[in-house]
Structure formats: C-alpha cells, structure tokens
Amino acid sequence: MSFLYPLFLVTGIALAIPILIHLFNLRRYKTVYFPHTRFLKNIQLVSRKQSQVKYKWLLAMRLLFLISLILAFAQPYFYSNSRKDTGKKLQVIYIDNSYSMSVKKGSRSLLEIAKEAAYRQVQRSAPGSKYLLLTNDKPVSYQSLQAAKIITAINNIEISPVSKNEKQVIALVQSLVQSDGNNGADVYYYSDYQKSSFAAAPDMALLQHIYFHGVPVQGDEVQHIYIDTAYLNSPVLQTGQTNQLIIHTKAVGKPSKELPVLQLSVNGQVKSAASLSFAEKNESVDTLSFQVNDANWQKLSLTLNDAAIKFDDTFRITARSAPNLSILVINEGPGNPYIQAAFRAYNGFRLNQSDAGNMPKDWAAYNLVIFNNITNIDEALGKQINNGLQQGQSICIFPGKTKNINGLNNGLKYIADIQLTGPDTAVQTTSSLQQGSDLVKGLFEKIPENVMLPTANWHYIISSGLSANGQSVISFRNGDPFIANYKPARGQLYVCASTADPEAGNFPNSYFFAPFLYQMAMQSHSSDVYALTSGRQQAAYLPLKNANERDMVHLYGNGIDLIPPQSPAGAGLNVFIDQGVQQPGFYLLAAKTGESTAIALNADRNESNPDVWNINTLKDQWKGEHISWLSIGDSSHLSGNEDNSFPLWKVCVILALVMLAGETYLLAMNRVQRTVNS
C-alpha cells in the first residue's frame with residue numbers, strides 16, 4: 001500500500017488523545033458510605049483496580065474513527081504487480097501550456113488545474129516509476145526522469161507563447177520511442193482540446209504503438225475580443241502624409257454592452273482611437289489614420305481593453321518610409337502609363353526610365369529593373385541581366401509582340417534555360433494562382449473569393465529547363481505560365497507571357513498588377529513593414545552581401561542578445577526570429593556592416609479563439625483499443641493502476657462515519673443504562 005499524501009500519517013499521534021482521556025479521567029467522585037455496605041469497601045477497591053480502562057468498546061470506536069479519518073486524508077492506494085504487462089513502454093505526460101490554458105475556471109487557470117492533476121498522477125505512481133514530461137516549449141529532458149524531478153519540473157511550468165497540435169506532440173513521442181528502443185508509449189494528454197490545435201479525428205497511422213489517454217481540462221465559457229490582424233493600406237509607409245491602418249478584430253461569445261476601445265500608439269505616443277462595434281459575424285473592420293514625420297523605423301502598437309484574455313490584446317507592427325526603393329524601366333518604344341501610375345501612386349518609390357538603346361550600364365543602384373515591350377535581347381544584354389541576377393537583383397521582362405522571336409531567345413539562353421515560342425493569338429483566361437509563390441505569399445491579407453484572374457488576348461508559350469529553377473505564378477488552364485518566376489542565381493527573374501498593355505489583355509487593370517510590381521521591387525531590399533507571427537517560422541530578409549561567421553546578424557530586445565538561425569537568400573540573409581525568441585514584442589536585427597532593422601513579433605492568433613471541442617464529440621471519434629479518456633477530477637484513474645477502480649479514501653470516509661455512529665450509539669446506551677440504574 002502507498003499513500004498519495006503520506007505526511008497526513010503524522011497526525012496519527014492524535015490517537016493518544018482518547019487513550020489519555022480514558023486512562024486519566026480527571027473527574028472527581030464523592031464517596032458516600034451506607035451502613036449496610038461499609039464492609040464491602042475493600043472488595044469495591046479491588047474491583048476498580050482490575051478494570052482501570054472502562055468502556056473499552058467506546059475507546060475502540062474512537063480510535064477507529066481517528067484512524068479512518070487520517071487514512072482518508074492520506075489517500076491510500078494499492079499498487080498491484082499483477083497488472084497486465086505491456087512491455088517496456090515510455091511513460092509520457094504532455095501538459096498544454098499554450099495561451100488558451102490561461103483561461104480561468106473559477107479562481108484558477110486551466111494550467112494550474114492541469115499541473116495539480118499531473119502532480120497527483122506522479123505522486124500515485126509505483127515506486128521507481130519514470131516519466132517524460134512534454135510541454136509546448138520543449139521536453140524538460142529527452143530522457144525519462146524520476147518522480148521527484150518530474151514533480152519539480154511540473155511546478156515550474158508556465159504559460160508559453162508557443163503552441164503545438166496533437167500531431168506534433170505524438171510525432172515527437174514516436175521519435176523518442178524509436179530512438180530509445182521502447183515498445184510503445186503511454187501518453188497522458190492534458191489539454192483544453194482547442195479546435196484550432198486538436199484534430200476532430202485521430203491519425204491512426206501516427207498512433208501506432210501509442211496508448212493515448214486524453215485528460216480534458218476545460219474552463220467556463222469566455223466572452224473574448226481580440227485583434228486578428230492589421231496592415232497598412234499602402235505598400236510603404238509615407239512620411240508627412242496621412243497613412244491608413246486597417247484593423248480586423250473578432251469577438252467570441254456575446255459581446256458586452258460596453259463597446260471596447262481600440263487605440264493606436266506610434267513609438268509610445270497615442271495617435272488615434274476608435275470604438276468597436278461588431279456585426280452579425282462578430283467581426284469588425286476599422287481604419288485608423290496617423291502621420292509620421294521621419295523615415296526611421298516606427299513602432300506601431302494596437303491595443304484594446306479586453307479583460308478576459310490578455311495575450312492578444314496588442315498587435316504590433318514596425319514600418320518605415322522607404323524613399324530609396326529605386327525602379328529602372330527600360331522601354332523599347334513609348335513608356336507604359338500603367339507601370340508609371342503604379343509606382344507614382346506612392347512616394348516610397350523612385351521611378352527612372354530609359355530607352356532600350358541608351359540604358360545604364362550599372363544597375364547596382366536599382367531594386368527592380370523592368371524591360372517593357374522588349375523584342376530583342378542580344379548576347380551583351382543577356383549577360384548583363386545574368387550579372388544582375390548574380391548580384392541578387394530583381395528583373396522583370398514584359399516581351400513585346402514580334403515575329404522574330406529568336407531575337408529574344410538568343411539572349412535568354414545567356415540568362416537561363418528559358419525559351420519562348422508562339423505567339424498564341426487565341427484569347428485565353430488564366431485559371432490558377434500559385435499562392436505559395438514568393439510573389440504572392442504574404443502579399444495579400446486575403447485574396448477575395450472568385451477574384452478575376454487576368455485574360456490574355458495573345459501570349460507567348462514559355463518553357464524552361466530544370467536549371468532555370470522556375471515556378472508558375474499565374475497559369476493558363478493547360479498549365480502554361482502567364483507569369484513565371486525563375487531563380488537561376490541569387491536574384492529573381494520574372495517573365496510575363498505578354499506585354500503590359502491593354503492590347504495584350506487586361507493584366508494592367510487587374511487586381512494583381514500593381515501589388516506584383518511592388519513585391520518585385522521589395523524582394524532585393526529588406527521589407528519596410530514587419531508584423532511576424534510567433535511559431536510560423538517566417539523569415540525576415542536582410543540584404544547583406546558580405547555576411548560571414550564574423551559578421552552574423554544579432555537579435556536585440558527585452559534584455560537579450562542572441563544570434564538567431566539565418567541562411568543565405570539572394571543577395572542577403574533570411575533570419576528566422578521566432579526560432580530564437582517566442583515572446584511577442586519589438587526586436588532589433590543588426591549586423592556590424594549593415595543598418596539595423598526593427599521587427600515586430602506577435603502571438604499566434606490560432607490561440608485567440610477559445611472554441612474547444614465537446615469531449616463527448618471527441619470520444620465518438622477518438623476511440624479504439626489504444627485510446628481512452630480519463631477524468632481529471634478523479635486522481636485514481638490517472639495513476640495507471642487499472643485495478644484500483646474505487647478510491648480507497650472514500651472507503652475510509654465511510655468507515656469513519658460508521659465508527660462515529662457506533663460511538664454515538666454506545667454513549668446513548670450508556671446514558672439509558674444510567675437512567676435505569678438510578
């Protein structure tokens with residue numbers, strides 16, 4: 001037998017109290033002698049000495065009552081070695097410590113409740129048991145630890161900005177099982193079972209050799225308001241002019257009658273505010289205007305006064321004005337008014353135009369070079385384009401309509417294995433958009449449903465070899481690219497299948513034309529707007545041409561100085577902020593040879609929606625021989641002792657009540673007897 005709370009056994013010294021009361025009864029008696037009984041005095045005295053402990057059954061009842069009460073508080077349990085032997089299995093306790101576990105149930109958070117239940121489980125485990133403790137941050141150790149160390153680790157668990165889904169947790173357990181040579185694992189999964197992080201149905205292939213024990217920890221219904229996303233209405237921050245920030249907020253549950261207030265601060269100074277009102281879908285879209293007076297990095301903070309859950313009440317953005325984004329347009333023939341209008345709409349771009357016969361020899365000062373209506377690329381130009389790509393520049397080619405297509409192909413072969421054929425004069429509408437492309441990814445907050453893709457009145461057929469490292473951004477129905485992206489070197493090459501004028505199609509008037517040009521211009525330059533999300537492994541691109549081991553990018557902020565993971569990309573580095581830090585906030589990236597870049601890191605909004613699964617619904621889907629659901633309110637089921645179906649502490653309470661009733665009965669009978677004798 002073992003005890004969940006063995007320290008309560010110390011109170012066993014209280015058993016001496018009833019014994020002392022019976023042995024040293026301090027009540028004094030007055031002796032009255034009657035004439036006819038005075039000769040029996042000696043006999044009476046001897047009788048009392050032989051019966052010093054009076055009412056022995058009453059004493060026994062009191063002792064048994066105290067013993068039962070002490071055992072009930074100590075909570076005894078049996079460990080049986082006759083339990084079914086499952087071989088060498090890894091014992092794993094996973095405690096979800098994501099932001100959603102900060103929700104209160106009564107006066108305590110869900111994480112506190114889960115930690116207490118896990119503590120009881122480890123306390124009740126058989127002597128010598130070892131556990132592996134997992135959280136969203138990382139394992140405390142990749143080796144199983146003794147119960148004492150696991151209890152200490154459980155007490156140290158805190159809310160983390162990192163969240164994991166059940167597939168990531170189980171995949172980690174599978175890898176540990178295989179590396180340690182175990183026959184399987186018992187996984188005790190303490191979580192609120194949020195819909196955004198737990199699948200409705202299990203992946204049975206992933207659960208092979210895994211015994212899943214679900215332990216739900218769910219709180220009260222929450223009325224919650226959070227900032228889902230925010231973005232600038234323009235591609236760059238403009239100095240000295242009014243900028244507009246679009247903010248999407250969402251409400252969960254029935255919003256309170258008092259409207260929440262959304263507030264915008266720039267570098268710690270409040271600039272504007274708005275009261276939120278939610279439509280039928282519990283969503284609100286608001287616009288806040290502000291101005292900045294310098295081109296340095298600006299720290300934008302959006303906050304709202306929601307008391308339910310605090311972690312997502314702030315959304316952070318860093319932005320700066322970028323007057324140094326230079327665009328070179330090389331025209332064969334007249335200039336293109338659509339290209340001019342796209343870049344002159346914002347003062348963050350500096351547009352330069354040149355005739356194809358008199359183009360600059362040095363393109364190093366330009367972030368994007370556009371060839372407009374070009375019909376001839378000779379060897380010299382082809383080599384110059386290739387050199388620009390080697391230096392990490394972005395180049396876009398809008399080929400002109402020509403019968404001498406070899407004039408284009410002769411130069412393209414010096415750039416990459418790319419060839420044009422045609423033209424195809426049939427009117428065709430593009431049918432697919434590659435949303436994973438660098439040109440599209442992260443460009444739009446949301447692409448509208450049923451958006452109209454471009455139509456081409458004529459187009460070239462673009463083909464390429466593997467060495468061109470190509471990808472279609474927008475494609476026709478037969479798979480031919482309308483816009484293709486190639487990476488034969490460090491830079492980005494974009495080739496369109498037709499010209500950028502209305503005679504070739506409606507692309508210049510389409511939803512994608514101007515945003516695509518902006519994205520091309522920014523790809524050879526570090527972004528001027530950052531709002532990264534923790535846990536998404538989003539990279540911040542920095543144009544550092546001479547980065548090396550002695551000149552790595554450092555991450556500063558919140559009292560830290562570290563070197564985050566970084567990898568070469570184009571003419572610079574991709575720096576993965578959230579692999580170095582997970583705490584939301586403002587950070588600074590800097591290298592000795594480059595300028596500093598301000599980064600905003602936000603919490604994962606998947607945790608913001610507290611919508612959780614109904615456990616009965618999960619039980620209907622998550623079921624099988626290796627799946628069970630346990631109650632967090634009954635610690636006996638969490639010990640792994642299947643033979644302990646009824647908690648012994650309840651038996652002890654029942655025995656204590658029986659002893660108390662017996663004592664009461666004896667006292668009553670003694671009183672009746674005294675009354676009769678008198």
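These numbers were taken from a predicted model, which means no experiment stands behind them.
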Q: Hey, are R536 and D604 close enough for a salt bridge, meaning a charged N less than 4.0 Å from a carboxylate O?
A: yes
Q: Could you please spell out the steps behind the side chain to side chain contact (heavy atoms under 4.5 Å, CB included) verdict for L276 and I247?
A: CA-CA 10 Å; L276 302 179; I247 307 103; over 6 Å; no
Q: Can you see which heavy atom on L453 is nearest to which on S432, and at what distance?
A: CD1-N, 3.6 Å
Q: Kindly compute the distance separating CG (L493) from NZ (K487), expressed to the nearest 0.5 Å.
A: 12.0 Å
Q: Look at atom NZ of K195 and say whether more than 12 heavy atoms of other residues, nucleotides or ligands are closer to it than 6.0 Å.
A: yes
Q: For the backbone of N406 and the side chain of N410, can you confirm whether one donor and one acceptor N or O come within less than 3.5 Å of each other?
A: yes
Q: Would you call the rings of F349 and F343 parallel, tilted or perpendicular if under 30° counts as parallel and over 60° as perpendicular?
A: perpendicular
Q: Is there side-chain contact between F278 and I225, with heavy atoms separated by less than 4.5 Å?
A: yes
Q: Do S437 side-chain atoms and V473 backbone N/O form a donor-acceptor pair below 3.5 Å?
A: no
Q: Using modelled atom types only, decide if a donor and an acceptor are shared between the side chain of N331 and the backbone of G333 within a distance under 3.5 Å.
A: no
Q: To the nearest 0.5 Å, what is the distance between OG on S534 and CD on Q582?
A: 5.5 Å
Q: Sequence neighbours left out, what pairs pass side-chain hydrogen bond (donor to acceptor under 3.5 Å, both in side chains) with at least one residue falling in residues 491-500?
A: N485-Q492, Y494-Q523, T499-D501
Q: Could you tell me the separation between the OG atom of S197 and the CD atom of E607, rounded to the nearest 0.5 Å?
A: 5.5 Å
Q: Decide whether Q298 and N267 meet the rule of one side-chain donor and one side-chain acceptor closer than 3.5 Å.
A: yes
Q: What heavy-atom pair brings L573 and Q566 nearest, and what distance separates the two atoms?
A: CD1-OE1, 3.5 Å
Q: Distance-only, no hydrogens or angles: does the R605 side chain make a donor-acceptor pair with backbone N or O of I227 under 3.5 Å?
A: yes
Q: Just verifying a value: how many Å separate N293 CG and T239 OG1, rounded to the nearest 0.5 Å?
A: 8.0 Å
Q: Name all pairs fulfilling the salt bridge (charged side-chain N to carboxylate O under 4.0 Å, His left out) condition that reach into residues 400-413, sequence neighbours left out, sorted by first residue then second.
A: none
Q: Quick one: closest heavy-atom pair of S277 and S284, and the distance?
A: O-OG, 3.3 Å
Q: Roughly how far apart are I385 CD1 and I330 CD1, rounded to 0.5 Å?
A: 7.5 Å
Q: Check whether any side-chain heavy atom of N602 sits under 4.5 Å from a side-chain heavy atom of P584, and report yes or no.
A: no
Q: Any idea which heavy atoms bring M359 and F371 closest together, and the distance?
A: CE-CE2, 4.4 Å
Q: Within the distance-only criterion (no hydrogens, no angle test), does the side chain of N469 pair as donor or acceptor with the backbone N or O of P488 below 3.5 angstrom?
A: no
Q: Counting N and O atoms only, with roles assigned by atom type, does the side chain of Y414 sit under 3.5 Å from a partner on the main chain of Q384, one being a donor and the other an acceptor?
A: no
Q: Between A497 and P481, what is the shortest heavy-atom contact and its length?
A: CB-O, 3.9 Å
Q: Is the backbone of A500 close enough, under 3.5 Å, to the side chain of N336 for a donor and an acceptor to pair up by distance?
A: yes
Q: Quick one: do the E332 and T375 side chains pair a donor with an acceptor below 3.5 Å?
A: yes
Q: For a 4.5 angstrom cut-off between non-hydrogen side-chain atoms, does H224 reach D312?
A: yes
Q: Distance from D313 atom CG to L304 atom CG, nearest 0.5 Å?
A: 5.0 Å
Q: Let's go through L562 and V581 carefully: what are the C-alpha distance in whole Å and the side-chain angles of both, what is the deciding distance for side chain to side chain contact (heavy atoms under 4.5 Å, CB included) to 0.1 Å, and is it a yes or a no?
A: CA-CA 9 Å; L562 57 84; V581 295; 4.0 Å; yes
Q: Tell me whether N506 contacts the main-chain N or O of P454 through its side chain, where contact means a donor paired with an acceptor under 3.5 Å.
A: no
Q: Side-chain polar contacts of residues 455-467 - donor-acceptor pairs under 3.5 angstrom, sequence neighbours left out - could you list them?
A:
unit_1	atom_1	unit_2	atom_2	d
T455	OG1	T429	OG1	3.0
N457	ND2	E503	O	3.1
Y460	OH	G400	O	2.7
Y460	OH	T402	N	2.9
S463	OG	Q419	O	3.4

Q: Please examine the side chains of L589 and I577, heavy atoms only from C-beta on, and report whether any two atoms are closer than 4.5 Å.
A: yes
Q: List the atom of L408, the atom of P399, and the distance in Å for their closest heavy-atom pair.
A: CD1-CB, 3.9 Å
Q: S394 side chain to M520 main-chain N or O, any donor-acceptor pair under 3.5 Å?
A: yes
Q: Indicate whether the side chain of N352 and that of S354 have a donor and an acceptor atom separated by less than 3.5 Å.
A: no
Q: Check whether Q168 reaches the backbone of N165 with its side chain - one donor and one acceptor, N or O, closer than 3.5 Å.
A: yes
Q: Can you confirm whether W297 sits close enough to Y530 that some side-chain heavy atom of one is under 4.5 Å from a side-chain heavy atom of the other?
A: yes
Q: Does any non-hydrogen side-chain atom of F315 lie less than 4.5 Å from one of D228?
A: no
Q: Check whether any side-chain heavy atom of L328 lies under 4.5 Å from a side-chain heavy atom of W363, and answer yes or no.
A: yes
Q: In the structure I gave you, are the side-chain heavy atoms of S510 and F516 within less than 4.5 Å of one another anywhere?
A: no
